[in-house]
Amino acid sequence: MTAKNQIEDIAALEQKFQARIDAEQKIEPKDWMPEAYRKNLIRQMSQHAHSEVIGMQPEGNWITRAPSLRRKAVLLAKVQDEAGHGLYLYSATETLGISRADLIAALQDGSAKYASIFNYPTQTWGDMGAIGWLVDGSAICNQVSLQRTSYGPYSRGMIRICKEESFHQRQGYQIMIELARGTPEQKQMAQDSLNRFYWPSLMMSGPHDGESAHSAKSMQWKIKRETNDDLRQKFIDQTVPQIEYLGLEHPDKDLKWNEERGHYDSGELDWEEFKNVINGNGHCNRQRLQHHIKAHEEGAWVRDAQNAYDVKRKARKAQSAA
Ligand code: BYC
């Protein structure tokens, strides 16, 4: 085959691929896909998996200090769910031909990102409420749309994850309701957590569309189904009545209903802070990665034992087949 024929061949495959996407057909692991689609998916899905796993740390910090046995059990269940979400997402990413070990190595050497929000410290019990309500709330806005992502394994993973995330959000909001209706000190704690987590939760949707490096291609390939700014707007709009119901003050003093747009206009985010955090210089970036590396090293014996068992099992199977 000549080089010209090869290029024409790829162009035809790409056209067919895009037609399937346009027709809302899912792309499955063994289907042909452009190399850039595979790479972009590996990037987004693995960063999503890393976010779930690193996201266990800020809440894990409060399991031993939960105010009651019931709260401890609920928080423990939520954190375990997040580990499960990480596992589904790593497994789904592996279907694209990359190993879990390579994905973890990229997280640990800093070449793969995870959601900026998990680099903020959790200082009070109110932060457990704010994370469930706002962080999971912002994540859900995105994840509901990702249920319709074009890659089959990612889409199916998202359907299950969304069911669990709804419980996460409600448990967080319930903590906020109790604090907001409690003593003046408890209400103040709720307000303080809202003030600290509101803006970073808006940053979870990523940079403005005009600044988003991957959006155009990801929207064309339907990896993403909504743009960063549309997701953020959805979250801003849904949060306003929730803050009102709690009787707390909205942290955005520039927030205003825009009749013409049918949405709230909001104040600008601190994009310098966002850049700093995603480039490794947030409050907890180093601590989060160090903790992950330590836990990974301490778990090496489990992986070794698993591998040794696997070798033994295969040898036994080969022996009985002989
Ligand atoms: N934080 O071109 P853009 C959860 C990066 S966890 C850090 O707009 P894209 C939970 C971006 O990666 C759920 N980095 O990117 C768990 C890119 O860098 P690279 C987390 C960010 O991909 C525990 C660069 O900036 N959800 O629910 O088109 C407890 C340019 O951005 C961020 C997901 O991961 C950020 N916020 O759009 C509680 C959803 N924003 O890769 C809760 C899946 C941007 O070129 N991910 N960057 O080095 C997505 O939907 C998309 O990746 C994003 C960004 C909307 C986040």
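Counting starts at 1 for both ligands and their atoms, in listed order. If you're wondering where the values come from, they're calculated on a predicted model, not measured in any experiment. The figures here come from the full heavy-atom set of this structure, side chains too, leaving out hydrogens, waters and symmetry mates.
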Contact check, [X] vs ligand 1, heavy-atom distance below 4.0 Å:
X      : value
His85  : no
Lys78  : yes
Ser218 : no

Protein contact to [atom] [nearest heavy atom, distance to 0.1 Å]:
atom                    : answer
atom 14 (N) of ligand 1 : Ile278 CG2, 3.5 Å
atom 1 (N) of ligand 1  : Ser116 N, 2.9 Å
atom 39 (C) of ligand 1 : Asn142 ND2, 3.4 Å
atom 6 (S) of ligand 1  : Ser51 CB, 3.8 Å
atom 45 (O) of ligand 1 : His214 NE2, 2.7 Å
atom 47 (N) of ligand 1 : Phe274 CZ, 4.3 Å
atom 29 (C) of ligand 1 : Glu82 OE2, 3.1 Å
atom 44 (C) of ligand 1 : Pro207 CD, 3.7 Å

Apply the test side-chain contact (heavy atoms from CB on, under 4.5 Å) to residues Glu178 and Arg71: give CA-CA distance (whole Å), side-chain angles for both, the deciding distance (0.1 Å), then the verdict. CA-CA 12 Å; Glu178 281 186 31; Arg71 282 289 171 209; 3.3 Å; yes
Salt-bridge present ([X], [Y]; N to O < 4.0 Å):
X      : Y      : value
Glu35  : Arg38  : yes
Arg313 : Asp310 : yes
Glu28  : Arg156 : yes
Asp230 : Lys234 : no

Among Tyr114, Phe118, Tyr90, the one residue meeting ring-ring contact (aromatic ring centres under 6.0 Å, His included) with His50: Tyr90
Looking at atom 56 (C) of ligand 1, is any protein heavy atom nearer than 4.0 Å to it? yes
Flag atom 24 (C) of ligand 1 as yes if some protein heavy-atom distance to it falls below 4.0 Å, otherwise no.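 Within 4.0 Å of atom 24 (C) of ligand 1, no protein heavy atoms are found.
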Would you find a donor on one side and an acceptor on the other, under 3.5 Å apart, between the side chain of [X] and the backbone of [Y]?
X      : Y      : result
Asn285 : Val277 : yes
Gln143 : Cys162 : no
Ser138 : Ser201 : yes
Arg225 : Gln147 : no
Asp136 : Ser166 : no

Have a look at ligand 1 and work out which part of [X], if any, has a heavy atom under 4.0 Å from it: side chain, backbone, both or neither.
X      : value
Ala112 : neither
Met204 : backbone
Tyr114 : backbone
Leu231 : neither

Which atoms of ligand 1 are found less than 4.0 Å from any heavy atom of [X]?
X      : answer
Gly55  : 23 (C), 29 (C)
Lys113 : 5 (C), 14 (N), 18 (O), 19 (P), 48 (O)
Met203 : 36 (N)
Glu165 : 27 (O)
Tyr154 : 43 (C)
Ala139 : 27 (O)
Asn228 : 8 (O), 37 (O), 55 (C)
Gln143 : 13 (C)

Taking distance alone, with N or O pairs closer than 3.5 Å, would you say [X] contacts ligand 1?
X      : value
Ser212 : yes
Asp136 : no
Phe118 : no

Step-by-step salt bridge (Lys or Arg N to Asp or Glu O under 4.0 Å) determination, Glu211 to Lys275: CA-CA 12 Å; Glu211 310 278 318; Lys275 275 188 209 143; 5.8 Å; no
Just going by heavy-atom distances, which of Gln47, Lys224, Lys275 is nearest to atom 54 (C) of ligand 1? Lys224
Residue selection (non-hydrogen contact nearest atom 41 (O) of ligand 1) among His50, Arg43, Gln169: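 Considering heavy atoms of His50, Arg43, Gln169, the nearest to atom 41 (O) of ligand 1 sits in Arg43.
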In this structure, are over 12 heavy atoms from other groups packed under 6.0 Å from Glu268 atom CD?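 More than 12 heavy atoms, drawn from other residues, nucleotides or ligands, come within 6.0 Å of this atom.
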Parallel, tilted or perpendicular: rings of His296 and His292 (30°, 60°):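 Because their plane-to-plane angle is under 30°, the rings of His292 and His296 count as parallel.
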Side chains of Met45 and Thr149, heavy atoms from C-beta outward: is any pair under 4.5 Å? no
Would you say the side-chain atoms of Gln233 and Asp237 include a donor-acceptor pair closer than 3.5 Å?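 Distance-only check passes for Gln233 and Asp237.
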Verify whether one side chain among Tyr37 and Ser150 offers a donor that lies under 3.5 Å from an acceptor in the other. yes
